Amino acid sequence: MKITTFKRFISCIILSITLTFFSKNLFAGKDNFSAASKVKVIVIDAGHGGEDGATRGLFSKEKDVALQVALKLGKAIEARLPDVKVIYTRKTDVFVKLYDRIGIANREKADIFISIHCNSMPYNYKNRAAVRGTETLVSGFGRIDEQDAALRENASILLEKDYKNNYEGFDPRDPESYIIFSLMKNTFREQSIKLASLLQDEYKKSGRISRGVKEQSLAVLAKAGMPAILTEIGFISSPEEEKYINSDEGQDEIVSNILNAIITYKKQIES
């Protein structure tokens, strides 16, 4: 382990212990999901955008589908929850740095951060087109061989100048970095898992295949100061799901799933 890496490792351990200590004292004697008393601000992040948009299916790109669903979700939230302020990380086809996405949520003191993405299997994967389903990710650390989604989503960092400075030395190509980066995960793990689980339940109610809730070392979620999730709404590499996530009916159903999960989560923490 390099000296600079070791220093970052020690710093992250100290930060992790400090956050754990304060969070335990702050929430002592309270319900696990009472960190935020009300949901007043929701930040919606349409994944990728601009030059960061290589993932595609037979006829569509992930960045475009994510933006369409994000904008529809925002309108649906405003219609059903008029007391909630909706903020977007992007409304057009532009590239937004990963740390800027969560930075917006932190600056706006958001109560929920939701990042919209489409999943995809590698081109050389056997039966690539047959893999379908939804999954929702939260900041955490899984085994290195289970980091496929994290590696794909974090690759956006390489498009940024000075990315090692922006992410405290994190290198998305270095497995060692994922161990260090996992220690920076936010203190809202339980709330994030709760929201993610509610969303996966909603997907299942609609007949979707659920691939579950997963903890991954995701740069876009690691420094979130609120419950934060990244949801993969379907596999763009599957012809069947690509048609679904591009259709008005499919997008409306996905938006309804996410909205219902938000409403249930909101009721639970505000009750």
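All residue numbers refer to positions in the sequence shown, counting from 1. From a predicted model like this one, the values you see are computed outputs, not experimental measurements.
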Under 3.5 Å: donor-acceptor pair, side chain of [X], backbone of [Y]:
X      : Y      : value
Ser237 : Met121 : yes
Glu242 : Leu58  : yes
Arg211 : Gly133 : no
Thr264 : Asn260 : yes
Arg80  : Leu259 : no
Glu108 : Val41  : no
Arg101 : Val96  : yes
Asp93  : Gly50  : yes

So, taking the atom named [atom1] in [X] and the one named [atom2] in [Y], what distance separates them when rounded to the nearest 0.5 Å?
X      : Y      : atom1 : atom2 : result
Tyr88  : Leu71  : OH    : CG    : 5.5 Å
Asp83  : Leu81  : CG    : CG    : 6.0 Å
Gln268 : Leu195 : CD    : CG    : 10.0 Å
Asn127 : Ser238 : CG    : OG    : 11.5 Å
Ile236 : Thr55  : CD1   : OG1   : 7.5 Å
Lys267 : Leu198 : NZ    : CG    : 12.0 Å

Checklist entry - Looking at residues at least two apart in the chain, or sitting in another chain, which of them share a side chain to side chain donor-acceptor pair (under 3.5 Å) with Lys109? => result none
Checklist entry - Can you name the residues that form a side chain to side chain donor-acceptor pair (under 3.5 Å) with Arg132, not counting sequence neighbours? => result none
Checklist entry - What residue among Asn246, Val69, Ile245, Thr231 forms side-chain contact (heavy atoms from CB on, under 4.5 Å) with Cys118? => result Ile245
Using every non-hydrogen atom in the two residues, find where [X] and [Y] come nearest and quote the distance to one decimal.
X      : Y      : result
Lys63  : Gly49  : CB-N, 3.6 Å
Val138 : Ala196 : CG1-CB, 3.9 Å
Asp45  : Ser115 : OD2-OG, 2.5 Å
Ser192 : Ala228 : OG-N, 3.0 Å
Ser206 : Asn257 : OG-ND2, 2.9 Å
Glu215 : Ser139 : OE1-O, 3.9 Å

Checklist entry - Do Asp248 and Gln68 pass the side-chain contact (heavy atoms from CB on, under 4.5 Å) test, and can you show the C-alpha distance, the side-chain angles, and the key distance before you say yes or no? => result CA-CA 10 Å; Asp248 288 335; Gln68 291 164 10; over 6 Å; no
Checklist entry - Could you go step by step and tell me if Tyr244 and Gln251 meet the side-chain hydrogen bond (donor to acceptor under 3.5 Å, both in side chains) rule? => result CA-CA 7 Å; Tyr244 173 81; Gln251 291 185 359; over 6 Å; no
Taking the side chain as everything from C-beta on, heavy atoms only, tell me whether [X] gets closer than 4.5 Å to [Y].
X      : Y      : result
Ile254 : Ile116 : no
Val39  : Ile269 : yes
Ile112 : Val43  : no

Item to check | Derivation of the salt bridge (Lys or Arg N to Asp or Glu O under 4.0 Å) call for Asp100 and Arg107 | outcome: CA-CA 10 Å; Asp100 277 343; Arg107 287 194 301 272; 5.2 Å; no
Next on the checklist: Testing Gln200, Glu202, Glu241 one by one against Arg208 for a side-chain hydrogen bond (donor to acceptor under 3.5 Å, both in side chains), which residue passes?
Outcome noted: Glu241
Next on the checklist: Applying side-chain contact (heavy atoms from CB on, under 4.5 Å), can you list everything that pairs with Arg56, at least two apart in sequence or on another chain?
Outcome noted: Lys61, Tyr123
Checklist entry - Is a salt bridge present between Glu78 and Lys85, judged by a nitrogen-to-oxygen distance below 4.0 Å? => result no
Next on the checklist: Check Asp111 with Lys40, please: is the shortest side-chain N to carboxylate O separation under 4.0 Å?
Outcome noted: no
State, without any angle test, whether [X] and [Y] hold a side-chain donor-acceptor pair at a distance under 3.5 Å.
X      : Y      : answer
Tyr265 : Gln191 : no
Thr136 : Glu232 : no
Glu135 : Ser210 : no

Checklist entry - Step by step, would you call Tyr203 with Ile258 a side-chain contact (heavy atoms from CB on, under 4.5 Å)? => result CA-CA 8 Å; Tyr203 285 142; Ile258 301 173; 4.1 Å; yes
Next on the checklist: One pair to check against side-chain contact (heavy atoms from CB on, under 4.5 Å): Ile233 and His117. What are the steps and the verdict?
Outcome noted: CA-CA 6 Å; Ile233 62 174; His117 289 254; over 6 Å; no
Checklist entry - Please walk me through it: do Ile262 and Ile42 pass side-chain contact (heavy atoms from CB on, under 4.5 Å)? => result CA-CA 10 Å; Ile262 292 171; Ile42 297 177; 3.8 Å; yes
